[in-house]
Amino acid sequence: MYERLLTPLKIGGITVKNRMFSSPTSLAELGPEEHYSKENIEYYKLRALGGAAVVPVGDVIVDLDTGRSHPQQVGINDPSAAPYLCAVADAIHAGGAMASVEIDHGGALCAPEFIGGKCAFGPSGYIDPWGDEVKEMTEEQMYWVADKFAEGARNARDFGFDMVMLHGGHGWLLHQFLSPVTNHRTDKWGGSLENRMRFPLLVIEKIRAAVGRQFPIEIRISGTEYIEGGYGPEEGVEIAKMLDGKVDLIHVSAGTQQEEYSAVLMHPGAFQKDMFNGYLAAEIKKHVKTPVLTVGAFNMPDDMEKFLADTGVDAIAMGRALIADPFLPRKVMEGKPEEITPCIRCTECQSGMMKNRVIRCSVNPYIGRECDVFHPLPTYVHKKILIAGGGPAGMEAALLGVERGHQVVLCEASDRLGALRFADNDTWFKEPMRRYRDSQAEKVMRCGAEVRLNTKVTKEIVDEVKPDVLIAAVGGEPFGVPVPGADGPNVIFGAYITPQTEIGKSVVIIGGGFIGCEEAVDLASKGHDVVILEMIDTLAANAARMHRIGLMHEIETRKNITQATGMRCTKIDEKGVYALDKDGKEVFFPCDTVVMASGMRSRSAEVEALRPLVKEFYVIGDARKAAKIMNGTHDAYDAIVTLGYR
């Protein structure tokens with residue numbers, strides 16, 4: 001089924017078993033003294049066990065004193081880190097993959113608090129947006145940093161890694177030399193592309209001298225910067241041509257950390273198409289002999305196989321796809337693509353690392369607690385479980401329950417599993433959500449659970465099934481603002497909009513959370529004129545950070561969306577919506593249709609009616625607290641593990 005994905009690939013002096021690589025990912029929370037913890041090591045081991053050909057450790061810094069760009073990072077040249085890096089390489093090998101390490105220097109993007117209060121340095125001097133000085137590097141510093149990269153590559157080889165990845169993209173030091181946005185030098189290190197390439201090529205030359213020809217060097221570049229004043233795809237091709245033959249693998253990503261929306265396109269979100277940045281690698285492949293790898297929103301094996309066949313690109317790296325399902329490559333090898341849990345591109349993994357320095361996944365509750373995979377709590381007692389509700393939380397509970405040996409009966413009040421009705425709309429940015437929902441539903445139908453559709457759990461059902469455990473996953477329901485006219489014929493709930501719902505040309509959406517904002521983008525893209533009415537000053541305040549950046553870009557670039565923040569709805573009539581602004585002045589918004597997106601709440605009455613029916617009772621997902629898919633899948637995991645342990 002997947003001839004190209006499963007064909008081995010020669011990279012320098014090694015051969016890897018397939019064309020599916022893990023993308024280099026780093027972790028925001030390390031162990032003591034900024035070394036890898038057991039949990040960190042098992043995070044990487046899980047990707048290897050899942051079948052990825054190469055598993056790189058992400059963003060390891062060649063000099064922590066000058067190059068640290070995040071609160072916690074591992075130093076490749078820090079002697080105290082050596083045993084932990086050796087342990088990572090060993091763990092990746094134990095899982096059956098080649099081990100790599102991405103080495104980097106943050107350059108101008110290193111905040112003073114990360115580097116002992118010193119000024120950061122980069123190709124050019126300037127004052128950054130936070131008011132901190134960045135100093136221009138001297139030639140002496142350039143050669144010193146290049147030697148640090150060479151030392152780091154040699155250490156990687158000595159620690160047991162099979163190859164090294166040089167980070168030359170995403171706005172870090174090497175990319176800062178490549179970019180006309182950050183390199184304003186007038187000497188031989190700036191100006192023309194040949195001059196801007198001089199420092200990255202010096203680093204590669206130093207690394208090659210340190211590790212020899214048989215130890216592969218991979219370089220990650222941005223094929224385009226997606227930023228005003230930055231280089232585009234044509235210059236990305238020229239960069240690759242100048243790297244051709246000097247490295248063993250050209251890893252083509254995109255974007256830069258220098259601008260927020262560019263960083264979103266670097267990691268394509270729900271508003272971008274599948275394989276969004278693949279065109280960059282496809283074009284570069286036409287111009288170089290060196291193997292080329294692509295990355296960015298690759299998830300579905302059929303699409304990946306076709307992409308490799310159509311473009312000649314040599315390999316694909318996956319980051320979030322392997323967070324959602326580390327075993328994606330193995331399922332491809334076994335010819336079981338239907339078993340893959342698709343990534344929904346919600347960005348909760350990245351956003352959680354930025355906000356709380358922890359990594360979590362909406363659709364994979366094991367992420368962040370990988371030790372549970374390798375050291376699971378035993379299931380001492382197998383029980384009969386009745387699950388009320390077949391939404392995301394209920395489906396996850398059913399799958400985990402069967403996996404751990406329980407007898408599962410799942411009842412869903414509607415005629416199909418999955419809930420997430422808003423994903424039914426023909427909205428391009430809900431395609432990842434639809435894939436996930438439908439995939440989960442199909443897996444539940446195959447897993448061995450007894451599934452009863454059009455069945456609401458009642459006392460009679462409980463008496464018939466006689467479960468040991470009842471799990472309430474009955475979901476939540478929308479609520480409106482308590483104002484006159486809220487029950488009028490022109491008012492609908494956003495959560496209940498379907499392709500058949502009649503919506504007028506002009507729309508006011510009451511509630512500017514991320515659901516209301518997404519509904520606005522959907523309706524605006526279909527030609528409606530939309531006003532978003534929100535009480536606080538910020539739209540989509542409850543959205544994951546990276547998703548919010550993409551969402552606000554969609555809102556701000558559409559002329560038919562009006563943002564009305566700091567507004568409190570007071571009345572609705574057949575002509576429109578009345579609201580008070582911050583100064584207490586009444587404002588009228590005429591419209592044909594009013595969409596309520598003011599929030600969700602749990603179906604608490606339904607939950608409490610079920611609670612007395614059994615001795616062991618769990619409430620999960622929106623039934624416990626209206627929140628996100630991630631909360632539901634994690635609730636399901638906790639419930640299933642707990643009930644089998646006691």
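Considering only residues two or more places apart in sequence or on other chains, K17 meets the side chain to side chain donor-acceptor pair (under 3.5 Å) condition with none of them. In terms of the side chain to side chain donor-acceptor pair (under 3.5 Å) criterion, Y44 has no residue partners (sequence neighbours excluded). The ring-ring contact (aromatic ring centres under 6.0 Å, His included) check on H170 picks up H167, with sequence neighbours excluded. Among residues two or more places apart in sequence or in another chain, the ring-ring contact (aromatic ring centres under 6.0 Å, His included) test is passed with Y231 by H175. By the side chain to side chain donor-acceptor pair (under 3.5 Å) test, T341 is found to be paired with K443, residues two or more places apart in sequence or in another chain being considered. Applying the side chain to side chain donor-acceptor pair (under 3.5 Å) test to E218 and every residue at least two apart in sequence or in another chain returns H251. With sequence neighbours left out, F177 forms a ring-ring contact (aromatic ring centres under 6.0 Å, His included) with F199. Residues forming a side chain to side chain contact (heavy atoms under 4.5 Å, CB included) with E34 (at least two apart in sequence, or on another chain): L30, R68, Q72. In this structure, the ring-ring contact (aromatic ring centres under 6.0 Å, His included) partners of F298, at least two apart in sequence or on a different chain, are F307.
The salt bridge (charged side-chain N to carboxylate O under 4.0 Å, His left out) analysis of residues 308-323, with sequence neighbours excluded, yields the pairs K285-D314, K306-D310. The salt bridge (charged side-chain N to carboxylate O under 4.0 Å, His left out) contacts involving residues 94-104 comprise E102-R220, where partners must be two or more places apart or lie in separate chains.
Side chain of D132 to backbone of A111: no donor-acceptor contact under 3.5 angstrom is found.
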Can you give me every donor-acceptor pair (side chain of residues 271-281, partner residue at least two apart or in another chain, under 3.5 Å) with its distance?
residue: Q272; atom: OE1; partner: G269; partner atom: N; Å: 2.8
residue: D274; atom: OD1; partner: R345; partner atom: NH1; Å: 2.8
residue: D274; atom: OD1; partner: R435; partner atom: NH2; Å: 3.1
residue: D274; atom: OD2; partner: R435; partner atom: NH1; Å: 2.7
residue: D274; atom: OD2; partner: R435; partner atom: NH2; Å: 3.4
residue: N277; atom: OD1; partner: Y226; partner atom: OH; Å: 2.7
residue: N277; atom: ND2; partner: L265; partner atom: O; Å: 3.0
residue: Y279; atom: OH; partner: Y226; partner atom: OH; Å: 3.1

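Looking at D244 and K289, no side-chain N of the basic residue comes within less than 4.0 Å of a carboxylate O on the acidic one, giving no salt bridge.
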